[in-house]
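Count residues from 1 along the sequence.
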Amino acid sequence: MTTRRALLILIGLLTAFIAVAGAGVAGLAYWRFALRPADQSLLVVGGDRSLTLLDGGAGRTVADDVSPELFHYPSTAPDGERIVYISRSAEGTALNALHLGTGERVELYRSSEHPPLYATWAPDGRHVSFLSNRRGGGLGVHIVPADGSAEAALLGTTLGSSYFAWRPDGGALLLHTGGGAGSLGQVATYAPGRAAPLSTLDDPGFFQAPAWSQDGRDFFYVAQPAVEGSLTPDRIESVLTRVGADGSAPRAVAREQGAAILFSRAPRSDHLAYVTVGPNGFGALKVVNGAGGEPVTLSRPDEAVPAFFWSPDGEHIAYLTFERGAGGAPQFTWHLVGRAGGEVRDLASFTPSQAFAAMVGFFDAYAMALELWSPDGKLIVYGSDDGVYALDVATGAPTRRADGVLGLWVRR
């Protein structure tokens, strides 16, 4: 069995449970690690190409030309005043920065041949990183000043997937290309304005999104130890690894045999939550201290977890389980558990919107690009097949907030 075949078995399971059409390969980023007190508003992606801001009263339409494609979701700036979103017209597909207060819009990028796929802000709000679908195949990775003062710089292209993460100070971008394609994969760091990588690692294994440590001195990725001969699923050893920002002094954090690892760092610490995916499907939700220690299983023994999301304070995790509902439609159920383990609370079940289901397939990358938890940690927003809901984590009661397919919180 070839490495590419092994990848299809392992990573392909991430989206096998999602009934979506036209889903491309998404290479994404996440960065939001700092918390601050703030009011909270809800940004709703409508099925009618609209973006609506709910400020507690009547909703206000902030854009009406949103691209309806999957993975063309908006992202909010660290200051909560601006967003980036992708629009589509006869002139092509554009990436726009929009000020929510003044309505001022700046076009950052436009292309008919290489349309943008995903965008997210640097933590300092000075740059936006995004992907483009290349006309000849593959993905491009770009960085552009958020004020539109310069054209977007193309860091490079890859035939496989791409995932990236901003360093907490916004000074470097951590890029994982190859998406788990064995010897074809690479992890590299880039500084805005520089074409050459600052450091490069050539041993990434089967995973998607990397992550920086809380202080930005290290980063986390999944390594695959070298093997002789074919890399079959039974010979895969995913090693969740902590390494210096320059690629030095690697330290193993956790090991899983015969499976990929999908992980996400806690907002206020270096604790890492992760799930595995192998030939038999998704595994349990586990958490491990990135400074060292043994993994602790958080989910129930019989549960397979396709996605999870940290609370803003890093003390709880909301995770999803999946089953087929009536007529074969996908059915998700929310669960809540503390970081230290203990009692698992079952919350709401729902049939996801197509946009939400597609996002869940890349939850590790989207976990910090889209804020599903409200800043006060009391609500979780999700897209159902009949609208956008906010789930009260204390009572477990969902409330329908608006028509639409996806929602995200905005710090105001």
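Considering every non-hydrogen atom in both Ala259 and Ser238, the closest pair reads O-OG, 2.5 Å. Considering every non-hydrogen atom in both Pro210 and Leu174, the closest pair reads CB-CD2, 3.5 Å. Minimum interatomic distance between Leu53 and Val62 (heavy atoms only, all atoms of both residues): CB-CG1, 4.1 Å. A pairwise comparison of heavy atoms in Leu108 and Asp147 identifies CD2-C, 4.4 Å as the closest pair. The two residues Gly171 and Pro192 come nearest to each other via the heavy atoms O-CD, 3.5 Å. Listed here is the closest heavy atom pair of Ser353 and Ser384: CB-O, 3.4 Å.
Side-chain contact check for Leu43 versus Pro74: some heavy-atom pair is nearer than 4.5 Å. The shortest side-chain heavy-atom distance between Leu98 and Tyr85 falls under the 4.5 Å cut-off. You'll find the side chain of Val128 stays beyond 4.5 Å of the side chain of Ile143, heavy atoms only. Ser213 has its side chain out of reach of Phe219: every pair of non-hydrogen atoms, C-beta onward, lies at least 4.5 Å apart. Residues Trp409 and Leu42 have side chains in contact (heavy-atom distance under 4.5 Å, counting atoms from C-beta outward).
Here the side chain of Trp212 pairs no donor or acceptor atom with the backbone of Phe220 at under 3.5 angstrom. At distances below 3.5 Å, not a single donor-acceptor pair connects side-chain atoms of Ser50 with backbone N or O atoms of Asp48. Under the 3.5 Å distance criterion, the side-chain polar atoms of Asp364 are matched with a main-chain donor or acceptor of Ala209. Judged purely by atom type and a 3.5 angstrom limit, Gln40 uses its side chain to pair as donor or acceptor with the backbone of Asp376.
Asp218 and Arg167 are not joined by a salt bridge, as no carboxylate oxygen comes within less than 4.0 angstrom of a charged side-chain nitrogen. The residues Arg268 and Glu315 are annotated as not salt-bridged, no charged nitrogen and carboxylate oxygen being separated by less than 4.0 angstrom. Ion pair Arg242/Asp270 flagged as a salt bridge, since at least one NZ, NE, NH1 or NH2 atom sits closer than 4.0 Å to an Asp/Glu carboxylate oxygen. Using a cut-off of 4.0 Å between Lys/Arg side-chain N and Asp/Glu carboxylate O, Lys286 and Glu256 are scored as salt-bridged.
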For this session: For Val287 and Trp310, run side chain to side chain contact (heavy atoms under 4.5 Å, CB included): C-alpha distance rounded to whole Å, both residues' side-chain angles, the deciding distance at 0.1 Å, then the answer.
Result: CA-CA 11 Å; Val287 68; Trp310 285 97; 3.9 Å; yes
Exercise. Which is it for His72 and Ser67 under the side chain to side chain donor-acceptor pair (under 3.5 Å) test, yes or no, and what are the steps along the way?
Worked result: CA-CA 6 Å; His72 286 192; Ser67 170; 2.7 Å; yes
Problem set entry | Check against side chain to side chain contact (heavy atoms under 4.5 Å, CB included), His316 and Leu336 | CA-CA 7 Å; His316 294 84; Leu336 187 70; 4.1 Å; yes
Exercise. Yes or no on side chain to side chain donor-acceptor pair (under 3.5 Å) for Gln224 and Asp203, after CA distance, side-chain angles and deciding distance?
Worked result: CA-CA 6 Å; Gln224 167 61 48; Asp203 66 340; over 6 Å; no
Problem set entry | side chain to side chain donor-acceptor pair (under 3.5 Å) evaluation trace for Ser89 with Glu91 | CA-CA 5 Å; Ser89 66; Glu91 289 74 38; 3.1 Å; yes
Problem set entry | CA sep, side-chain torsions, deciding dist, call: His142, Tyr109, ring pair (Phe, Tyr, Trp, His ring centres under 6.0 Å) | CA-CA 10 Å; His142 306 254; Tyr109 172 88; 5.3 Å; yes
Exercise. Where do Gln208 and Phe362 land on the side chain to side chain contact (heavy atoms under 4.5 Å, CB included) test, with the steps shown first?
Worked result: CA-CA 8 Å; Gln208 293 185 157; Phe362 303 97; 3.9 Å; yes
Problem set entry | Verdict with reasoning, Asn96 to Ser87, per side chain to side chain donor-acceptor pair (under 3.5 Å) | CA-CA 7 Å; Asn96 311 283; Ser87 63; 2.9 Å; yes
For this session: Please test Leu154 against Val141 for side chain to side chain contact (heavy atoms under 4.5 Å, CB included), starting from the C-alpha separation and ending with a verdict.
Result: CA-CA 6 Å; Leu154 177 65; Val141 182; 5.6 Å; no
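Taking a 6.0 Å sphere around CD of Gln257, one finds it holds more than 12 heavy atoms contributed by other residues, nucleotides or ligands. Other residues, nucleotides and ligands contribute over 12 non-hydrogen atoms within 6.0 Å of the CZ atom of Arg134. Summarising the local packing, CZ of Arg135 is surrounded by 12 or fewer heavy atoms from other residues, nucleotides or ligands at distances under 6.0 Å. For Arg217, the CZ atom sits in a loose shell: 12 or fewer heavy atoms of surrounding residues, nucleotides or ligands are nearer than 6.0 Å.
Counting only N and O atoms by type, the side chains of Ser129 and Trp166 include a donor and acceptor under 3.5 Å apart. Looking at Ser349 and Thr333, their side chains do bring a donor and an acceptor atom within 3.5 Å of each other. Under the 3.5 Å distance criterion, with hydrogens and angles disregarded, no donor-acceptor pair is assigned to the side chains of Tyr274 and Arg265. Between the side chains of Ser41 and Asp55, at least one donor N or O lies within less than 3.5 Å of an accepting N or O. Between the side chains of Thr321 and His335, at least one donor N or O sits under 3.5 Å from an acceptor N or O.
Interatomic distance, CG of Leu100 versus CZ of Arg82, reported as 10.0 Å (0.5 Å rounding).
Here Tyr366 and Tyr118 bring their ring centres to under 6.0 angstrom of each other.
When Tyr389, Phe350, Tyr73 are each tested for a ring-ring contact (aromatic ring centres under 6.0 Å, His included) with Phe356, only one passes: Phe350. A ring-ring contact (aromatic ring centres under 6.0 Å, His included) with Phe308 is found for one member of Trp334, Phe363, Tyr319 and no other, namely Phe363.
Relative ring orientation between Phe207 and His176 is described as parallel, the plane-to-plane angle staying below 30° on a 0-90° scale split at 30° and 60°.
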